[in-house]
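The next block holds one structure in the form of structure tokens; read it before the comments.
So that the names make sense, note that chain A is the first sequence line, chain B the second, and so on, each numbered from 1. Any value given below was found using the heavy atoms of this structure, including those in side chains, with hydrogens, waters and symmetry copies removed.
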Amino acid sequence: MTTESKTATAPDPADIPSRFDFETAEKEIYADWMSGGWFHAKPDPDRKPYTIVIPPPNVTGALHLGHALNNTLQDIMIRLKRMQGFNALWMPGTDHAGIATQARVEKRIKDQEGKTRHDLGRTELVRRIFQWKEQYEARILGQLKQMGCSCDWDRTRFTLDDVCARAVRHTFFDLFKKSLIYRGKRLVNWDTYLGTTVSDDEVENKTVQGNFWHFMYPVIDPKPGEPPHVIVATTRPETMLGDTAVAVHPDPAAALSKVESELKAKLKKAAASEIEGIEQQIEALQTRRTEMLASLEQLRDMANDGRMLMLPLMDRPISLVTDVWAKPELGSGCVKITPAHDPNDYEVGKRCSLPMINIMNADGTLNAETGSYQSLTMKQARKKVVGDLEALGLLKEIEDREIEMPVSDRSGTPIEPYLTDQWFVKMDTLAQSAMDVVESEEVKINPQRYTKGYLSWLGEKRDWPISRQLWWGHQIPVWSVPCPTQADCDQMRDKITGLSAFSDEIAAIEVEASSETDPEKRKQLELPDFNLHVCVQDESADLEKALEELGLVREEDVLDTWFSSALWPHSTLGWPDKTAELEYFYPTSALITSRDIITLWVARMVIMGLNNLGQIPFDSVFIHPKILDGNGETMSKSKGNGIDPLDVIDNFGADALRFGMADLTTETQDVRLPVKYECPNEDCKHQIVQTVKNRTLARVQCPKCKQEFSTQWAEKDEDRALPRGPVTSERFEVARNFTNKLWNASRFAMLNLEGYSAAPINEADLTVEDRWILSRLTTVSNNVTTALENYRYAQATRELYDFAWDNFCSFYVEILKDRFANPDLRPHAQRMLVFALDQLLRLLHPVMPFVTEAIWQQLNRFAPTRGLDSAQPASECLIGASWPQLDAKWYSADIETQFARFQSSLGSLREIRSRQNLPPKKEVKFSIRCDQEYAQSLTPMTSYFKSMASAELTGMGPDVLPPETNATVASDGIEMFVDLEGLIDKAAEIKRLEKEEKKAEGNIMGKEKKLSNEKFVSSAPPEIVQRERDSLAQLKEQLATVKASLKKLRG
RNA sequence: GGGCGCUUAGCUCAGUUGGCUAGAGCAUCUCGUUUACACCGAGAGGGUCGGGGGUUCGAGUCCCUCAGCGCCCA
């Protein structure tokens, strides 16, 4: 159709199909927008900028419905602002998503070729991941385009491209120079298979069957009366090789009492089914107190007295310490401490200044610290340790027990807590700056409640670990060399600063003192006293080469993905260069994202924006809901309940997807979206509810027609060969139907535009319904504008839906049918219809860009010139049209009341017709008893009763008398009599009236009660009281009418 | 353990500072193919707003409490 619009064929509205062919139209329209350059924004000092940077989707895989929601909301804002005259830039791009992407590609290579990344080497692996990235980036950007996203594609960035890389190095250098970046030890989640740390949210806890081993550690030189052994229990026996202490509670009696009183409190509130269990626990606790407390206190005293234990197998003396981590209510009450291999023990180690011994290599085997256990795997070591201890008679007991095991969600292997060197960003001052701008509302977070989480997370000011042991990412631009002594260090520094390629502008030096503070131990472990680090600001081949010639080695690790995404709002605009784009479009206007990355991403963008530019990155943040499946679970790739937006687009069109998404975006977070597969068999189309079972399947069999179809998970050729069963949801049906309704209302308009002549609208010709639609249009456009500007998307869609369907289609267009039949009224009616449709299309465009654009261009063929005050040529594309701004004078409460009277009367007529089962064409007569004012206000619309309810008004005014046989409706202070001479179904009418009677009586009772309450009458605002009085009086009149009618009908 | 949400019709959800008889879509039932639309039109039925308590003349809305569900952080 858009292609047609370019050719000069004479338009024939009869050619317009009765359904919107979105499949064809969307492609053509998008191509039109692209070639029209509508998405491209250039700095222009004469216009105000409005900027959004896309939350760059991960190149891990294709987009799902969560992304569809996120991007729809952004596009709505961009299109709205573009129409409002802003110079709107939507900056697109993708994120390299470090570990997620590398893990996926590694897994694929392993599955397909049986090779590991070490077989391929760094360069080759990175090349392979780039291939993957190219493929998915294309898919992702394609999905965005199909959704109608009006991104400035000429500016597309990737977090790992050269422009972003430069921003990363400049930022890193700056922070390094400010001593805000340092290297230090940290216990991390180590994936021994991938050979890297994984973040906490990439760890899954699994409950598995395991054992609890009880060991005896000998006491060194026990005093008389003291036990020769201390018993400890563990689920990880092999870690005992790295034990550096055993802990006992500092006040076991108090700890036991506390637990006991907590249990008792719980018992009081417990459900019947729990009582027995809790009572047993209390009993066990009391037994424990009598049997064990004395010995625990003795151990505590021994610890305070400095008693040592001998760690078996290693023959290493270790301390007995007191710490609250030891739970007197559990096991032996003593706990072994392995600070380098357990997060809790690590904390104990820090509190008690214990040595931390790392016993593991990066590949998960044991290292030299473990002596004869070296190079065993953890599993092998476990067997040997247990066997050896048993041989020594130190294994007391093995207990079966369920244990929580952390598992890497990337590789599926157990996570090892591991103490390694990591790079950190010091957060104290940086975090504070990001807190300040949110507290002052310079950056405003919507909905506001999310500020709390943001502030409390930043308030902890925990340093940010930024190094990742990966190959896919920005390699840390630091070259290091160990310096055994201070002198070596000074010498090296001189050598470096003496390099011809070196300057303070592009390189910075930091010296790191060894974390091993004991000089003896350093000697023993051959650790240098110092490490010297040089950070290089930008790619500088000369300097990098010179450093390497001096023996410095580049850090192998790459940066956390979030380090580069934190720069996104300015790196995409060309920072560190002072580009015209940066100058003009930064700070950006809005950031629209999901709540799970408020801390990971939003907070860090604020930090980096402030650090790098001294300016906030955006004024306003909108956190949108999450989409849950029918079981209330969040959609995710691993669960398989994600939905490909293209499924929805194929089935319902992009506009329906977008409208559906916007309609879900209410203030209340999280929306359930129950989904079904639709059987692709044309004769079947059966809908199959998506369940936990079938949601991950590549092929599903339709229970009705028994034919198989493929799903979005189909990867094998034989699966893909099957017809695709798309995912559907009722939500999109509603939106699709709405699209079609709009299409057909417009079609009606086109069909009635023959002989259209453009001219300003003559105010004298305006009828009540014209004024009404203008008044409604004024209200709706104001409300929609306000709603969208405040991110209340669902409010906007509802307003638009109700207006378009209930006001425009059901009333305005219906009434116009009558007027089109009259040649005198026709030209004005045409102009009004064209104008109203024009405005409606503009209002709907941000939400439903395709169908509105299609209609717009269609309308341009039949009525290219239009307007209210003056008829103007319409813009060629709707995307470039201006946002409606109706003169406030068009709003009229009186007109809306007047029209509401018509609607209410019409409603009553229709109800009676329906109750009386009158055939649609059977004409009835009716009259209305009301005051003069009411009669006058209804008069202009009397003829429409005929066209819209086959009813003829025979009389109206205070003197109207009811016909002999009639149905009476009392409402709104008037009485309507529908003449049912020879037609009446008495029983039906009596039934209706009885219902009315009951309802009125109930309401009257309630109101009388309220009004007889002295306090109400005296305390409530007078207008409220008066309203109640008026309403009561009217109800009483109504009731009287109903009773009279009933009496008459019953004879 | 701490924090933040949610619970309104069979289903999915609206309900802005407390104030007329708590709304919508889908589903259900009745009627209808009048040349924009059956992805349609007309109408109907369906809710003691999770339980309990409080503040108030008045509570779906504010406060407390309990229960269930979800998310985030530890």
Side-chain angles (χ1 to χ4, degrees), chain A residues 13-14 16-20 200-201 269 271 343 447 449-453 456-457 460 595-596 598-599 625-626 628 630-634 652-653 656 663-664 666-674 729-752 786-787 790 792 794-795 797-798 801-802 805-806 809-810 813-814 816-817 906-907 909-921 947-950 992 995 999-1000 1002-1004 1006-1007 1010-1011 1013-1021 1023-1032 1034-1035:
Chain A
I16 303 171
S18 69
R19 292 200 184 169
F20 175 48
D200 289 342
D201 47 37
K269 294 189 284 186
R449 62 172 178 279
Y450 290 112
T451 50
K452 196 168 178 176
S456 64
W457 185 80
E460 291 179 26
R595 68 168 155 340
D596 36 11
I598 296 173
T599 52
K626 301 199 85 168
L628 311 177
N631 302 313
E633 294 181 52
T634 57
F652 303 105
D663 199 45
L664 291 175
T666 60
E667 285 281 304
T668 316
Q669 297 298 301
D670 296 349
V671 191
R672 283 191 191 209
L673 193 75
S729 163
E730 177 201 282
R731 279 274 183 174
F732 303 115
E733 275 174 39
V734 174
R736 188 261 327 260
N737 295 352
F738 180 55
T739 312
N740 201 242
K741 184 74 180 174
L742 185 70
W743 177 258
N744 276 292
S746 309
R747 181 163 169 260
F748 169 82
M750 318 287 180
L751 287 166
N752 284 284
T786 312
N790 290 288
R792 290 202 287 267
Q795 198 179 318
T797 55
R798 259 151 233 191
Y801 184 94
D802 291 346
W805 203 306
D806 298 342
C809 293
S810 295
V813 168
E814 288 304 322
L816 284 185
K817 284 179 181 172
L906 191 72
L909 279 170
R910 284 170 166 176
E911 189 192 338
I912 285 170
R913 294 194 66 103
S914 177
R915 295 265 187 204
Q916 289 289 325
N917 223 345
L918 299 179
K921 282 178 191 161
S947 56
M948 294 176 77
S950 299
R992 182 184 73 85
K995 201 187 140 217
K999 204 166 126 191
N1003 286 330
I1004 287 169
K1007 294 206 184 287
K1010 205 172 193 180
L1011 282 162
N1013 182 343
E1014 255 320 298
K1015 284 196 162 171
F1016 171 70
V1017 178
S1018 57
S1019 322
E1023 64 271 23
I1024 299 282
V1025 178
Q1026 192 52 47
R1027 203 155 68 190
E1028 289 295 307
R1029 288 208 171 108
D1030 293 349
S1031 151
L1032 178 63
Q1034 215 176 76
L1035 278 167

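- A/Arg736 comes within 4.0 angstrom of a nucleotide base, judged by non-hydrogen atoms across all strands.
- Of all nucleotides listed (B/G25, B/A36, B/G5), B/G25 comes nearest to the side chain of A/Tyr801.
- Minimum atom distance to the side chain of A/Asn740 is reached by B/C39, of the listed B/C26, B/C39, B/A42.
- The side chain of A/Ser1019 has B/C57 as its nearest neighbour among B/C57, B/G19, B/C73.
- For the strand RNA chain B, secondary-structure stems (runs of at least three Watson-Crick or G-U pairs, all distances below 3.5 Å) span B:1-7 with B:67-73, B:10-13 with B:23-26, B:28-32 with B:40-44, B:50-54 with B:62-66.
- The base of B/C20 is not paired with the side chain of A/Arg1027 by any donor and acceptor separated by under 3.5 Å.
- The salt bridge (charged side-chain N to carboxylate O under 4.0 Å, His left out) check on A/Glu460 picks up A/Arg462, with sequence neighbours excluded.
- Residues A/Ser18 and A/Ser914 each lie close to RNA chain B; by heavy-atom proximity, the contact nearer the 5' end of the strand is made by A/Ser18.
- Counting non-hydrogen atoms under 4.0 angstrom, A/Lys999 reaches a base of the nucleic acid.
- A donor-acceptor contact under 3.5 Å links the side chain of A/Lys741 to the base of B/C37.
- Not counting sequence neighbours, the partners of A/Arg992 by the salt bridge (charged side-chain N to carboxylate O under 4.0 Å, His left out) test are A/Glu989.
- Every ring pair (Phe, Tyr, Trp, His ring centres under 6.0 Å) that A/Phe738 has, sequence neighbours left out, goes to A/Phe659, A/Tyr801.
- Whole-Å rounding puts the A/Phe732 CZ to B/G25 P distance at 19 Å.
- Backbone-only engagement by A/Arg915 is indicated by non-hydrogen atom pairs under 4.0 Å involving sugar-phosphate atoms exclusively.
- Side-chain proximity of A/Pro1021 to the nucleotides B/U21, B/G19, B/C26 is greatest for B/G19.
- With hydrogens and angles ignored, a donor-acceptor pair closer than 3.5 Å exists between the side chain of A/Glu814 and the base of B/A36.
- Looking at heavy-atom distances under 4.0 Å, A/Asn1003 makes contact with a base.
- For A/Arg910, the salt bridge (charged side-chain N to carboxylate O under 4.0 Å, His left out) test picks out no residue, with sequence neighbours left out.
- Distance check: A/Phe652 CZ to A/Asn740 CG gives 13.0 Å after rounding to the nearest 0.5 Å.
- If you check B/A36, B/A44, B/U12 against the side chain of A/Phe748, the one that comes closest is B/A36.
- The salt bridge (charged side-chain N to carboxylate O under 4.0 Å, His left out) search around A/Asp806 returns none, not counting sequence neighbours.
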